[in-house]
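First up is the structure itself, then whatever we jot down about it.
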Amino acid sequence: NYSALTVTDCHDIDHAGKITHIRDTAYHSGGGVNVSSHSTFTLHNGIISGNNAINIQKNGCGGGVSVFGTSTFNMTGGSITGNTANGGGGVDLHSSTFNMTGGSITGNTAVGGVYYGSTYKISYYGGGVLLEEPSQYIDSSTMTVSGSVKITDNKNDAGIENNVLGGPITIGNSGLHSDAEIGISL
């Protein structure tokens, strides 16, 4: 609660720092990193890859990063790639904020539907980034993008490109650079 973690320049000349191959089948959020309860996670560089947040209840969210409970995720560089979850293969947001000014979210997958309580939500939720719908339990989440960001080649379990699902998504004051790439599913 009320904590902060910053991952900065996590590599040496031969190796990038990685958070990888964590398997989360018992809990439901954050296969790689779970940010909750008014906390902040900042990724300046490094790799979050090969993580899993899939469980039998089909409510596994945030294969790479799950951000919950009015927390904040700031991404200024690095990559989130090759992660899998029932919803939000790369990043999942519940009542939280995601500020992305650099880095990439690519090659993540959302596999199968998501249950909340006894309600089944339609399959194919946010291969790259999922901003959860507001409900009686979840406040809206926000995502702001600017700079040289890349959110591409994320898919659902039917193989359909599914990069960002939900909203609102805002372009920050500094705008997007000419090399930015974002695929949006409405």
Side-chain angles (χ1 to χ4, degrees), residues 19-36 39 41 43 47-75 78-100 103-117 119-135 137-145 149-169 182-186:
I19 298 172
T20 189
H21 298 296
I22 297 169
R23 184 173 190 93
D24 182 2
T25 56
Y27 194 56
H28 66 274
S29 298
V33 177
N34 187 10
V35 184
S36 64
S39 298
F41 172 55
L43 179 65
I47 300 167
I48 299 173
S49 70
N51 301 293
N52 177 334
I54 298 173
N55 61 34
I56 197 162
Q57 293 85 14
K58 295 192 175 188
N59 63 354
C61 296
V65 179
S66 177
V67 189
F68 186 84
T70 60
S71 292
T72 301
F73 174 29
N74 300 307
M75 184 173 179
S79 67
I80 299 173
T81 186
N83 300 288
T84 307
N86 295 110
V91 177
D92 181 66
L93 299 166
H94 299 260
S95 308
S96 292
T97 301
F98 179 25
N99 302 305
M100 185 176 182
S104 64
I105 300 173
T106 59
N108 300 287
T109 307
V111 294
V114 178
Y115 279 95
Y116 289 103
T119 304
Y120 179 77
K121 301 283 188 170
I122 296 174
S123 184
Y124 313 139
Y125 267 155
V129 178
L130 173 62
L131 287 86
E132 297 286 351
E133 295 176 18
S135 71
Y137 304 108
I138 300 173
D139 294 329
S140 64
S141 293
T142 59
M143 180 176 178
T144 302
V145 294
V149 299
K150 182 177 181 181
I151 307 173
T152 61
D153 302 318
N154 299 285
K155 302 200 180 308
N156 61 34
D157 56 356
I160 299 168
E161 193 158 333
N162 191 241
N163 290 297
V164 178
L165 187 63
I169 301 167
I182 304 172
I184 307 249
S185 302
L186 301 173

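Residues take their numbers from the sequence shown, with the count starting at 1.
- Contact between Cys61 and Ser66 at its shortest, heavy atoms only, is O-CB, 3.8 Å.
- Under the side-chain contact (heavy atoms from CB on, under 4.5 Å) criterion, Thr142 pairs with Thr97, Pro168, not counting sequence neighbours.
- The closest donor-acceptor contact from the side chain of Asn154 to the backbone of Thr109 lies at 3.5 Å or more, if one exists at all.
- By the side-chain hydrogen bond (donor to acceptor under 3.5 Å, both in side chains) test, Asp153 is found to be paired with no residue, residues two or more places apart in sequence or in another chain being considered.
- When all heavy atoms are compared, the tightest approach of Ser36 to Ser39 is O-OG, 2.7 Å.
- Considering only residues two or more places apart in sequence or on other chains, Lys150 meets the side-chain contact (heavy atoms from CB on, under 4.5 Å) condition with Ser104, Thr106, Thr152, Glu181.
- Proximity of a side-chain donor or acceptor of Asn108 to a complementary backbone N or O of Asn83 within less than 3.5 Å is detected.
- The CG atom of Asp157 lies 9.5 Å from the CD1 atom of Ile54; values are rounded to the nearest 0.5 Å.
- In this structure, Ala85 and Gly62 approach most closely via the heavy-atom pair CB-N, 3.8 Å.
- Looking at Met75 and Ile80, their side chains come closer than 4.5 Å, going by heavy atoms from C-beta outward.
- With rounding to the nearest 0.5 Å, the separation of CD1 in Ile160 from NZ in Lys155 is 9.5 Å.
- In this structure, CG in Leu93 is found 4.5 Å from CG in Leu131, a value given to the nearest 0.5 Å.
- In this structure, CG on Asp92 lies 10.5 Å from CG on Asn86, to the nearest 0.5 angstrom.
- Across all non-hydrogen atoms, the minimal contact from Gly69 to Ser96 is N-OG, 3.6 Å.
- Partner of Phe41 under the ring pair (Phe, Tyr, Trp, His ring centres under 6.0 Å) criterion, out of Phe98, Phe68, Phe73: Phe73 alone.
- The shortest heavy-atom contact between Ala53 and Gly30 is CB-N, 4.4 Å.
- Atom CE of residue Met143 and atom CD1 of residue Ile151 lie 3.5 Å apart, to the nearest 0.5 angstrom.
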